[in-house]
Amino acid sequence: PLPWFIAVRTGDIAAIDRLGRRMDVHVRDGDNRTAILVAAMYGQVVVIDHLVKRYRLDVNAKDSQNRNALMLAAYHGESKVVDCLLEHGI
């Protein structure tokens, strides 16, 4: 799953779609973070929007420390991500 999370972190939509066709997009990293959580940490608004609309990933997922995407985005100062998540109903 490492290429998946690299694509999410860097905002590479083409790679996300290429990988998403052949893997479980609900995979979690070592800290139990989904792609939505990783995207939130790195300010990837376009990726979050894409993951929710195309893959229907859960914006309310939580990591191993019980943090959701909204909490991670706020902690990392990603105000545009906070707005995006609120639009998606978090």
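The first residue in the sequence is number 1, and the count goes up from there.
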What I'd like to find out is whether the side chain of [X] reaches to under 4.5 Å of the side chain of [Y], using heavy atoms alone.
{"X": "L57", "Y": "T34", "result": "no"}
{"X": "D29", "Y": "L2", "result": "no"}
{"X": "L37", "Y": "K62", "result": "no"}

Quiz item: Is R21 salt-bridged to D17, going by a charged N under 4.0 Å from an acidic O?
Solution: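 Judged by the 4.0 Å cut-off on N to carboxylate O distance, R21 and D17 do not form a salt bridge.
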
Quiz item: Should the heavy atoms of other residues, nucleotides or ligands under 6.0 Å from OH of Y42 be counted, would the total exceed 12?
Solution: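 Open.
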
How close do [X] and [Y] get, heavy atom to heavy atom, and via which atoms?
{"X": "A35", "Y": "W4", "answer": "CB-NE1, 3.5 Å"}
{"X": "A73", "Y": "V82", "answer": "CB-CG2, 3.9 Å"}
{"X": "E78", "Y": "A40", "answer": "CG-O, 3.6 Å"}
{"X": "L19", "Y": "A7", "answer": "CD1-CB, 4.4 Å"}
{"X": "Q44", "Y": "V81", "answer": "N-CG2, 4.0 Å"}

Check for me, please, whether [X] and [Y] land in the same ILVMFWY cluster - side-chain distances under 4.5 Å, paths through other members count.
{"X": "V46", "Y": "I36", "result": "yes"}
{"X": "Y75", "Y": "V59", "result": "no"}
{"X": "M71", "Y": "L86", "result": "no"}
{"X": "V27", "Y": "V47", "result": "yes"}

Quiz item: Is there a side chain to side chain contact (heavy atoms under 4.5 Å, CB included) between V45 and D83 once you walk through the steps?
Solution: CA-CA 9 Å; V45 175; D83 293 342; over 6 Å; no

Exercise. Output the distance between atom CD1 (I16) and atom CE (M23), rounded to the nearest 0.5 Å.
Key: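 It comes to 10.5 Å.
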
Quiz item: To the nearest 0.5 Å, how far apart are CG in N68 and CZ in R33?
Solution: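 These two atoms lie 13.5 Å from each other.
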
Exercise. Report yes or no: does S64 contribute a side-chain atom to a donor-acceptor pair with the main-chain N or O of N32 at less than 3.5 Å?
Key: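 A pair under 3.5 Å: no.
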
Quiz item: Between M41 and R9, is a side chain to side chain contact (heavy atoms under 4.5 Å, CB included) present by the stated rule, with each step listed?
Solution: CA-CA 8 Å; M41 291 171 53; R9 231 182 357 220; over 6 Å; no

Quiz item: Are D58 and H26 close enough, and set up right, to give a side chain to side chain donor-acceptor pair (under 3.5 Å), and what steps lead you there?
Solution: CA-CA 9 Å; D58 182 10; H26 300 282; over 6 Å; no

